[in-house]
Amino acid sequence: MSALLEQIKENLMKGKANDVKAGVEQALKDKLPAGDILNKGLLAGMGIIGEKFKKNEVYVPEVLIAARAMKAGMELLKPALLAAKVQPRGTVVIGTVKGDLHDIGKNLVGMMLEGGGFKVVDAGINVEPAKFIELVRANNATLIGASALLTTTMTNMKEIVDAIKASDLKGKVKVMVGGAPLTQAFCDEIGADGYAPDAASAADLAKKLVG
Ligand code: B1M
C-alpha cells in the first residue's frame, strides 16, 4: 500500500485532523484514486479504531477525536469521490426514539457508520416513528438506526418496527436498535432486524444488514 495512505490511516487513528487533511490533500495532488484514499486511508483507520473500541483498548474520547479527523479528511475528499462516482454503502436514518433526549451514544453510532462508508441522515432526538419513515422515504434509506437510553422509551422502538411492517417499506428497510438498556432478547421480542451493543458493532451490523 502507498506510504501516504498508510500515513493518513495512522494519523486518523491518532486523531490528528490537520495531518489527515494535509495527507488527503497530498494524495489528491499525487492523483491517487479517491476510492483508495477513502478505503485504504480514512476507512481503514476508522475500522481499526472501531475494533479497539470494542475491545476496550480505546474509549469514547479517542473515537470522537478520530471521527473528527475523519470528517476533516472527508470534507476535502468529497468532491473527488463524487467525481469518481464512489457510492456510499447505503443510507441510514439514525435517531433517538420518541420521548428520549440522550444523543451521545447515537452520535457515536452515526460517526462509526460514516466511518464504515455509510451516508448518515441524523433525525436527532425525540424522534416520532412517522419522522423516521418520512426521512427514509426522502433519502431512499434502507436502514433505520434507533437508539434509546431509558427503559421507559425503549418500548417506543416497537412502534417503528410495526410502522415499517405495516407500510410498503416492509422487506425493503431494516431496523437496527441499540442503547444501554437494550438486549438481543428485547430486539427479538419487538421484531427488529438487529441489535448492536456498541457503536463499532453497529457499523459491522449495518454492513451485514444492508451493506
Ligand atoms: Co440520563 N439517564 N436522564 N441524561 N443519562 C441515564 C441513561 C441513566 C442510566 C442514569 C442513571 O439513572 N443511572 C438513567 C436511565 C435509567 C433507566 O431508564 N434505566 C437516566 C435518566 C433516568 C434520565 C432522566 C429521566 C433524568 C431525569 O430527568 N430525572 C432524563 C431523561 C430525559 C429524556 O431523555 N427524556 C435524563 C437526562 C439526561 C441528560 C439530558 C442530563 C444527559 C443526556 C445528554 C445528551 O445525551 N446530550 C444524560 C446523561 C448524559 C446520562 C448518562 C449519565 C450518560 C449517557 C451517555 O451518554 N453515555 C446515563 C448514565 C450512564 O450511562 N452512565 C444516563 C455514553 C454513551 C457513549 O453511551 O449512550 O450507552 P450510550 O451509547 C453506547 C451504547 O449504548 C451503544 O453505542 C454507544 C457507544 O458504544 N448505542 C447503540 C447507543 N445507541 C445505539 C444505537 C445502535 C447501536 C448501538 O443502533 C442504532
Side-chain angles (χ1 to χ4, degrees), residues 13 15 46-68 70-71 88-129 131-133 135-136 139 141-165 169 173-211:
M13 286 163 58
M46 206 60 201
I48 295 173
I49 285 289
E51 285 309 311
K52 284 180 182 277
F53 180 60
K54 267 198 263 180
K55 292 187 212 148
N56 289 326
E57 288 171 12
V58 298
Y59 298 96
V60 172
E62 286 98 324
V63 179
L64 291 176
I65 294 166
R68 199 176 56 191
M70 164 109 193
K71 222 171 193 168
R89 274 180 192 270
T91 301
V92 190
V93 175
I94 61 163
T96 306
V97 297
K98 186 172 70 179
D100 201 320
L101 308 178
H102 296 84
D103 69 354
I104 299 167
K106 182 264 295 171
N107 292 344
L108 211 51
V109 170
M111 287 172 189
M112 291 309 291
L113 286 169
E114 276 181 354
F118 287 89
K119 178 183 167 198
V120 174
V121 177
D122 190 347
I125 52 176
N126 190 20
V127 183
E128 296 276 346
K131 184 72 186 170
F132 274 107
I133 290 182
L135 287 173
V136 161
N139 294 282
T142 51
L143 182 63
I144 288 174
S147 175
L149 261 284
L150 300 171
T151 45
T152 48
T153 58
M154 61 193 247
T155 46
N156 295 335
M157 289 175 160
K158 188 169 185 318
E159 282 181 45
I160 303 169
V161 174
D162 290 347
I164 290 286
K165 284 187 180 156
L169 298 170
V173 175
K174 302 225 162 123
V175 182
M176 169 171 82
V177 293
L182 270 78
T183 58
Q184 182 62 50
F186 176 76
C187 166
D188 297 341
E189 190 187 312
I190 63 170
D193 297 290
Y195 157 74
D198 57 62
S201 311
D204 290 343
L205 177 62
K207 287 175 203 163
K208 274 193 213 126
L209 291 174
V210 301

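Note that ligands are numbered from 1 as they come in the structure, with each ligand's atoms numbered from 1 the same way.
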For ligand 1, which atoms, with element, lie under 4.0 Å from some heavy atom of [X]?
X	answer
A146	86 (C), 91 (C)
P197	74 (C), 76 (C)
D103	45 (C), 46 (O), 47 (N)
A180	70 (O), 75 (O)
D100	34 (O)
S147	83 (C), 84 (N), 85 (C), 86 (C)
G145	91 (C)
G179	75 (O), 81 (N), 82 (C), 83 (C), 84 (N), 85 (C)

Are [X] and [Y] packed together at the side-chain level, in the sense that at least one heavy-atom pair is separated by less than 4.5 angstrom?
X	Y	value
L101	T96	no
V58	M13	no
M112	F53	no

Verify [atom]: protein non-hydrogen atom under 4.0 angstrom away:
atom	result
atom 88 (C) of ligand 1	yes
atom 40 (C) of ligand 1	no
atom 36 (C) of ligand 1	yes
atom 33 (C) of ligand 1	yes
atom 84 (N) of ligand 1	yes
atom 9 (C) of ligand 1	no
atom 1 (Co) of ligand 1	yes
atom 28 (O) of ligand 1	no

Discussion item. Heavy atoms only: which of L182, N126, I104, D198 lies closest to atom 57 (O) of ligand 1?
Written reply: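 Nearest option to atom 57 (O) of ligand 1, by heavy atoms: I104.
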What residue and heavy atom of the protein are closest to [atom], and at what distance?
atom	answer
atom 79 (C) of ligand 1	L108 CD2, 3.6 Å
atom 73 (C) of ligand 1	G105 CA, 4.3 Å
atom 18 (O) of ligand 1	T151 N, 2.9 Å
atom 43 (C) of ligand 1	H102 CD2, 3.6 Å
atom 15 (C) of ligand 1	L150 CD2, 3.5 Å

Worksheet item: If you draw a 6.0 Å radius around NZ in K54, do more than 12 non-hydrogen atoms from other residues or ligands fall strictly inside?
Response: yes
Discussion item. Just to verify, what does K119 make a salt bridge (Lys or Arg N to Asp or Glu O under 4.0 Å) with, not counting sequence neighbours?
Written reply: none
Worksheet entry | Any N/O pair A199/ligand 1 closer than 3.5 Å |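 The answer is yes, given that A199 and ligand 1 share an N or O pair closer than 3.5 Å.
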Item to complete: Return yes or no for this condition: an N or O of T152 is under 3.5 Å from an N or O of ligand 1.
Response: no
Please work out whether any backbone atom (N, CA, C, O) or any side-chain heavy atom from C-beta onward of [X] is under 4.0 Å from ligand 1, and answer side chain, backbone, both or neither.
X	answer
F53	side chain
V109	side chain
P181	neither
V177	backbone
L149	both

Discussion item. Under a 3.5 Å threshold, yes or no: a donor from one side chain and an acceptor from the other, between T153 and N156?
Written reply: no
Item to complete: For V92 and K174, run side-chain contact (heavy atoms from CB on, under 4.5 Å): C-alpha distance rounded to whole Å, both residues' side-chain angles, the deciding distance at 0.1 Å, then the answer.
Response: CA-CA 10 Å; V92 190; K174 302 225 162 123; over 6 Å; no
Discussion item. Rounded to the nearest 0.5 Å, what separates atom CE in M70 from atom CD in E114?
Written reply: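 The CD atom of E114 is 7.0 Å from CE of M70, to the nearest 0.5 Å.
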Practice prompt. Please report the closest heavy-atom contact between A206 and L143, naming both atoms and the distance.
Written response: CB-CD2, 3.6 Å
